[in-house]
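Here's the structure, in C-alpha cells; my notes come after.
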Number of protein chains: 2
Amino acid sequence: MKATVPITVASLKVACSQCNLVELCLPFGMAESEIDRLDELVGARRKIKRQQNLYRAGDPFEAIYAIRAGSFKTDVLLEDGREQVTGFQMTGEMLGLDGISTETHSCNAIALEDSEVCVIAYSKLEELSRVVEGLQLQFHKVMSREIVRDHGVMTLLGSMRAEERLAAFLLNMSQRFTARGFSPAEFHLRMTREEIGSYLGLKLETVSRAFSKFQDEGLIAVQQKHIRILDIIGLKRLIQHPSPRS
Amino acid sequence: MKATVPITVASLKVACSQCNLVELCLPFGMAESEIDRLDELVGARRKIKRQQNLYRAGDPFEAIYAIRAGSFKTDVLLEDGREQVTGFQMTGEMLGLDGISTETHSCNAIALEDSEVCVIAYSKLEELSRVVEGLQLQFHKVMSREIVRDHGVMTLLGSMRAEERLAAFLLNMSQRFTARGFSPAEFHLRMTREEIGSYLGLKLETVSRAFSKFQDEGLIAVQQKHIRILDIIGLKRLIQHPSPRS
DNA sequence: ATGGACCGTTGATCCACGTCAACCACGAAA
DNA sequence: TTTCGTGGTTGACGTGGATCAACGGTCCAT
C-alpha cells in the first residue's frame, strides 16, 4: 500500500473533486455538481506517524476522518488491560463515527504506518448534509455499512473456527486491496500477528500456525507480512465448508 | 417485559409527542417543538406476532422501525446454515439500520413475542431531518450508538470467556430493563438458551451450565427464563477480574 | 558489524468449551 | 387427564486453541 500521491500544489489544495479516492470515500455516488460543494467540508489534512493515535477513547468528538493515505487500526482497551482490535481501515474509509453517539470517542484509532487523513468537522457535515441531499444519503450509507461490517465480524467471532476466520480475513483484505487498484493476490499486511489475532479473537500463535498450515496446503505463500494468495477458490471453500461447529 | 400500553383511541393515533417511550426512542433529546413535527414521520404501526419476521435479509429497504411494544432478535444466516444472532432489541430501540447501505436488508428481524413497531419511511426521515436539526442529530446518534454497541459485542466475543460473556449479558439486560422502568434485579428473558448462546458465541449447553454455576454461587436465581439477580456486585466483579485469557 | 528489541515460528502440554447423549420440565393439543 | 414437542439441565468425553517456552529472523541505533 504505497498509495501516496505526488505532492504538488494542486494536491495540497484540499478538494474532494480532485481526489483520486472519490469512488471509495464519502463522495461515492454523489453527482459531480454535489461533489464540488464538498470542497468546503474538508477543513484540513492531518498527518499521523506510524504508531501514533489519531484519537483516543475519551477524547471529545469534533470531527470524523477520511483516510487519504496509509492505514489504521481501531481498538478498545478493557479495564484489565485486554485489547480488542475492532477494525482495520484503509484509504477512503472513514474513522471516528463511534464518537457521534456520546460526543466522546469510544475507541482508539492508531496509524499502522505513516498516514494522512482529511479532517471533516462534524458540525459542518451536519450543516452541509442538510442542503446537499446526496451527501446526507452517502453519510448514512457509510454509517450503515459500518454496522453491516460489524455484524460480519460478529458472525466471524461467534460462529467460525480459527482457520475459517483467517481465511475470511485474507479474502476481505484481498477484496479491499483490489478495490484500491492493487493486486488481489499479493499484498503487504501492515499489522502484526498479534493485532490480527486480537481482531479475530485468537492468540498470535494460533494465527501464525494457521498461516503456516495454509502455506503447507498451497493456499498461500507467506513471508512475514508479505502474502501471496495462490488458491483463492480453496480459501473460499474453507469458509463455506465448515469444519463442524455451531 | 409486559410493557403493553392500553389500547385507547389516543394511543392509536400515532404521535411521538404522546408516546411514553420518548426518552428511549428516536426523539430522545429533541426539543418539544421539534418532537411535534415528528408526528408526520410515523406512517403507521405494524403488529408482528411471535416468531414472525419484521423483515428478512434480502428484502428491499424502505423503512426503519421503532419498537413500540415487545422485543426482537436480529440474526444473520450463513450459507451453511449456521446462525449468528447479532442483537436483541427492546422497546424504544430501532431496527432496520442495516438496510440503508445497500438498500437491501442484510439480516433478519424476528419478534421474540407479539410485538408492535412504528414504521418510519426512510425517505420521509431523510426529508424531515433536513429541516429538523434535532432529528438529524438524534438519528446520527442512534446509528453511532449501534456501532459502539457492536464494538462492545466484538470485545465480548473476541476477548471474554464463557462466564464473563454471560455475566456481561445479564448486566446489560438488567440495565436495559431498568431504563424501561422495570426491576433491575428481576426479569423475564424472552429468548431461548440457544439464542443467547448464538449471540454470545457459545453452545446452549455452555450457557445452561454457566447459569447453573451462577446459581450455585448465589449470584442469581434462575427458573427457566425468569432471572433474579442476587449479587450484582459479584457479577460485575466477574467481568473485571478476568480468569486469565487474551 | 554488532547488540538489542520486536516479531514470527514451532513444539509440548493443558483446559475450556464443544459434542454426544440421557433425562426432565413445562405448555399446548387432544 | 395423557401425550407430545420444545426447551432446559446435566454428565462423560473429546478437541481446538490457549498457554508456556525456546528459538530464529529482521530492523534499528550505535
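For clarity, every value in this text was computed on a predicted model and none was experimentally measured. Below, each value reflects all heavy atoms present in this structure, side chains not excepted, and no hydrogens, waters or symmetry copies.
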Could you note down all residue pairs passing ring-ring contact (aromatic ring centres under 6.0 Å, His included) where residues 191-216 of chain A supplies at least one of them, sequence neighbours left out? Phe88(A)-Tyr199(A)
Would you say the side-chain atoms of Arg180(A) and Thr91(A) include a donor-acceptor pair closer than 3.5 Å? yes
Lys225(B) NZ to dG27(C) C1': how many Å, rounded? 11 Å
Using a 4.0 Å heavy-atom cut-off to protein, can you give one letter per nucleotide of nucleotides 9-15 of chain C, 5' to 3': B if the base is in contact, S if only the sugar-phosphate is, - if neither? BBBB---
Do Arg68(A) and Asn20(A) make a side-chain contact, defined as non-hydrogen atoms from C-beta onward lying under 4.5 Å apart? yes
Stepwise side chain to side chain donor-acceptor pair (under 3.5 Å) test for His226(A) and Glu186(A): CA-CA 7 Å; His226(A) 190 87; Glu186(A) 193 161 3; 3.0 Å; yes
Could you give the distance from OG (Ser115(A)) to CD (Gln52(A)), rounded to the nearest 0.5 Å? 10.5 Å
Can you tell me how far CG of Leu238(B) sits from CD1 of Ile233(B), rounded to the nearest 0.5 angstrom? 12.5 Å
Between Lys203(B) and dA16(C), is there a contact of a side-chain N or O with OP1 or OP2 at under 4.0 Å? no
Pick out the pairs of N or O atoms, protein on one side and nucleotides 27-30 of chain D on the other, that lie under 3.5 Å.
none

Atom CE of Met160(A) and atom P of dG17(D) are separated, to the nearest Å, by 11 Å
Here the distance between atom P of dG17(D) and atom CG of Leu200(A), to the nearest Å, is 12 Å
Expressed as a whole number of angstroms, how long is the span from His226(A):NE2 to dG25(D):C1'? 17 Å
For the residue pair His105(B) and Tyr55(B), does the interplanar ring angle fall in the parallel (under 30°), tilted (30 to 60°) or perpendicular (over 60°) class? parallel
Which whole-number value in Å describes the distance from Glu195(A) CD to dC6(C) C1'? 12 Å
Could you give the CZ-to-P distance, from Phe214(B) to dT10(D), as a whole number of Å? 14 Å
Distance, rounded to the nearest Å, where Glu194(B) contributes CD and dG8(D) contributes P: 9 Å
Measure from CG on Leu202(B) to P on dT19(C) and round the result to the nearest Å. 12 Å
Matching residue for Ile196(B) among Thr206(B), Leu166(B), Val85(B) - test: side-chain contact (heavy atoms from CB on, under 4.5 Å): Leu166(B)
Only one of Arg149(A), His151(A), Glu146(A) passes side-chain contact (heavy atoms from CB on, under 4.5 Å) with Asp150(B); say which it is. His151(A)
